[in-house]
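What follows is a single structure, and I will ask about it in a moment.
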Amino acid sequence: MKKIIFTENAPAPIGPYNQAVLKGNTLYTSGQIAINSSTGELVSTNIETETKQVMQNMKGVLEAAGMTFENVVKSTIFIMNMNDFGTINTVYGSYFNEKTAPARETVQVVCLPKNANVEISMIAIL
């Protein structure tokens with residue numbers, strides 16, 4: 001049976017999906033964009049601040065499932081502009097131990113919800 005994961009430390013879903021689903025010992029997260037869960041507003045001052053908010057949202061989801069970034073085995077990063085890759089990579093990398101970092105792909109896309117510049121989803125295992 002699957003367990004729905006919800007936390008107020010990440011934006012509430014705005015459609016027919018959940019922040020994350022735990023099935024067995026595997027957590028599947030929905031993509032997070034830089035919405036501040038307290039204000040409901042997109043944090044888009046610059047790509048560094050936006051990426052930090054995304055990672056803080058993801059941290060909240062992981063913690064709600066009893067996990068940390070060390071449990072993450074796979075990440076997907078969607079970005080609007082590949083020129084932002086370096087900055088996004090630096091912020092993202094600060095949340096992981098480089099020796100145990102997860103597998104990952106980064107994909108440039110045409111558009112993201114709320115015109116965000118970055119969205120990240122993860123798979124984690126207990």
Does V107 share a hydrophobic cluster with M80, counting links as ILVMFWY side-chain heavy atoms below 4.5 Å and allowing steps through other members?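 Yes, because V107 and M80 connect within a single hydrophobic cluster, where side-chain heavy atoms sit under 4.5 Å apart.
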Is there a donor in the side chain of T7 and an acceptor in the side chain of Q19, or the other way round, less than 3.5 Å apart?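 T7 vs Q19: no donor-acceptor pair found between side chains.
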To the nearest 0.5 Å, tell me how far M1 CE sits from K23 NZ.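 Taking CE in M1 and NZ in K23, the distance rounds to 8.0 Å.
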At what distance, to the nearest 0.5 angstrom, does OG1 of T106 lie from CG of D84?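 T106 OG1 to D84 CG: 12.0 Å, rounded to 0.5 Å.
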Hydrophobic cluster of V118, others only, ordered by chain and residue number, side-chain cut-off 4.5 Å: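 Taking Ile, Leu, Val, Met, Phe, Trp and Tyr as members, V118 shares its hydrophobic cluster with I5, L22, L27, I47, V54, M55, M58, L62, M67, F69, V72, I77, I79, M82, F85, I88, V91, Y92, Y95, F96, I120, M122, L126.
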Atom NZ of K3 with >12 non-hydrogen neighbours under 6.0 angstrom: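 No, the 6.0 Å shell around NZ holds no more than 12 heavy atoms from other groups.
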Which side chain to side chain donor-acceptor pair (under 3.5 Å) pairs, counting each pair once, include a residue from residues 108-122, with sequence neighbours left out?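 Listed by first then second residue: E50-N117.
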Shortest non-hydrogen contact from F78 toward T76: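 Reported closest heavy-atom pair: CZ-CG2, 3.4 Å.
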Keeping Q53 on the side-chain end and I33 on the backbone end, is there a donor-acceptor pair under 3.5 Å?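 Judged by distance alone, no pair lies under 3.5 Å.
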Distance check, rounded to the nearest 0.5 Å: K52 atom NZ versus T45 atom OG1?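 Going from NZ on K52 over to OG1 on T45, the span is 11.0 Å.
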Using modelled atom types and a 3.5 Å cut-off, is there a donor and acceptor pairing between side-chain atoms of N18 and backbone atoms of V21?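 Here the side-chain-to-backbone pair does not exist.
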Any donor-acceptor pair under 3.5 Å linking the side chain of S37 with the backbone of E8?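 Here the side-chain-to-backbone pair exists.
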